[in-house]
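Here's the structure, in structure tokens; my notes come after.
Every chain is numbered from 1, with letters handed out A, B, ... down the list of sequences.
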2 protein chains.
Amino acid sequence: MSRVSAGDGGAVPRRARRHDPGRRDRLIDAALTVIAERGLAGTTHREIARVADVPLGSTTYHFTSLEELLAEAFNRYAATVARVFDERMAAARDRDAAVEAVITLVSDDLLGSQRDLVLTVELYVAAARNPVLRAVTQEWMARSRQALERHFDADTARGLDALIEGLTLHNALSTEPMTPAQIRDAIRRYLR
Amino acid sequence: MSRVSAGDGGAVPRRARRHDPGRRDRLIDAALTVIAERGLAGTTHREIARVADVPLGSTTYHFTSLEELLAEAFNRYAATVARVFDERMAAARDRDAAVEAVITLVSDDLLGSQRDLVLTVELYVAAARNPVLRAVTQEWMARSRQALERHFDADTARGLDALIEGLTLHNALSTEPMTPAQIRDAIRRYLR
DNA sequence: ATCCTTTACGTACGAATGTACATATAATGT
DNA sequence: ACATTATATGTACATTCGTACGTAAAGGAT
């Protein structure tokens, strides 16, 4: 009812923030951050809200359920990664350049971003039990394979995709990761 | 205080079960079952107790914390899988037999057991945040590589291990798994 | 200006969870 | 037989969670 008088020092700003367009997007990004940092098990409405710096009620307003929020988050993540993958393969002019692009992709995923690796594995686990997320992974895989098929035949692309997956995963979990040279050799060996 | 008289029909057996040696082992196995069926997030004291058919209190008696129980479970799982892996490689008489053994391993993992695949990925996720579990995965990987090095040089073993991982994971998640012939070709192609 | 719709916010509640713990029973040693 | 120890069991409690919901403020139409 009462308004704070202008001259007052104004102790507690009761309801500060307002008018935050794009908040829905920020919540999705915050969800990905939380998943990467705390794992899916530690991803709660409250933690997401804390990271996005919004009140709890905002999360339930923008998303009807936590599951929906998580699905949107994983969907955004997969789309982002798939786009990068596709762009690099599209930029390769010939097969040799494509081989180098693959090597770069693996090396960047490994050395560049522990976050992406964690998100990927979290998605795999979740997809094992959630049909919506399984669809996300399948579309992702299809796009990856399609990108590889710009330069390699279908069977080669299929196996190469698996090799990329294994190299990434193995090295992220290992205390003694393969050297870039070893990664390069493994890929070239399969593609020779 | 009072004892049920012999002639009585005896309505409710208050405390039926007792003297259950090996219960600790059963709890570990039950934990693996629950992880595979419900995921790590759905793995609780109560659910493990239900599967093992023991009261809740029994789980907290045998294990000081849920984390300890999970660590023992994953440790047992990794040891079991690694042993099978090692046995098959040890049984191979020459390199050709070893190649066939690898193909069999991948095919069996894929077609044989969705359970194992789920447990593996759950372990990977957990290992990303739990040092104890990370040690479990690293020892597992070391044993696998060692087994492969019975027949292949170190670099080959390293890449082959990754390829096996990727093939298994990809096919478990895919709606259109690779045929056994495709799997065989991919492995032989890398080892050629 | 007045109304209506959308967006935002705070609080509350039932359900589930990890764990502690008092009690009870079997096993074992003497 | 008795005492001591290891094992087993049921219950309770503080905490955290997803979600519901009443209220408040902003945007936009008229």
Query raised in the report: Please give, in whole Å, the distance from D/dT7 P to B/F63 CZ?
Result: 12 Å

Report task. Would you please confirm or rule out a distance under 4.0 Å between OP1 or OP2 of C/dC9 and any side-chain N or O of A/R23? Result -> yes

Query raised in the report: For the pair made of CG in B/D20 and P in D/dA6, what is the distance, rounded to whole Å?
Result: 19 Å

Query raised in the report: For DNA chain C, what residues of residues 33-46 of chain B have any heavy atom nearer than 4.0 Å?
Result: B/T43, B/T44, B/H45, B/R46

Requested in this report: Quickly work out the B/E68 CD to C/dG18 P distance and round it to whole Å.
Outcome: 15 Å

Query raised in the report: Can you find a side chain N or O atom of B/Y61 that sits less than 4.0 Å from OP1 or OP2 on D/dA8?
Result: no

Query raised in the report: What is the distance from CG of A/L56 to C1' of D/dC21, rounded to the nearest Å?
Result: 12 Å

Query raised in the report: Under the salt bridge (Lys or Arg N to Asp or Glu O under 4.0 Å) criterion, do B/R129 and B/E67 qualify, and how do the steps go?
Result: CA-CA 12 Å; B/R129 289 184 191 80; B/E67 189 179 358; over 6 Å; no

Query - Mutual orientation of the aromatic rings belonging to A/W140 and A/Y77 [parallel < 30°, tilted 30-60°, perpendicular > 60°] - result: perpendicular

Query - Between B/S58 and B/R23, a side-chain donor and acceptor under 3.5 Å - result: yes

Requested in this report: Determine whether more than 12 heavy atoms belonging to other residues, nucleotides or ligands lie under 6.0 Å from atom CZ of A/R134.
Outcome: yes

Report summary line: Taken to the nearest whole Å, CD/A/E67 to C1'/D/dC17 is 16 Å

Query - Distance, rounded to the nearest Å, where A/I48 contributes CD1 and C/dC9 contributes C1' - result: 18 Å

Report task. Report the distance from atom CG of A/L27 to atom P of C/dC9, rounded to the nearest whole Å. Result -> 11 Å

Report task. Return the nearest nucleotide to the side chain of B/T60; candidates are C/dT7, D/dT19, C/dC21. Result -> C/dC21

Report task. Establish, from distance only, whether the side-chain atoms of B/T156 and A/R189 form a donor-acceptor pair under 3.5 Å. Result -> yes

Requested in this report: Could you state the atom-to-atom distance from CD of A/E47 to P of D/dG18 in whole Å?
Outcome: 11 Å

Requested in this report: Go through D/dT19, C/dG10, D/dA8 for me and flag the one nearest to the B/H62 side chain.
Outcome: D/dA8

**Report entry** ring pair (Phe, Tyr, Trp, His ring centres under 6.0 Å) partners of B/F74, counting only residues at least two apart
**Finding:** none

Requested in this report: Pick out which of A/V51, A/D29, A/L40 makes a side-chain contact (heavy atoms from CB on, under 4.5 Å) with A/V34.
Outcome: A/V51

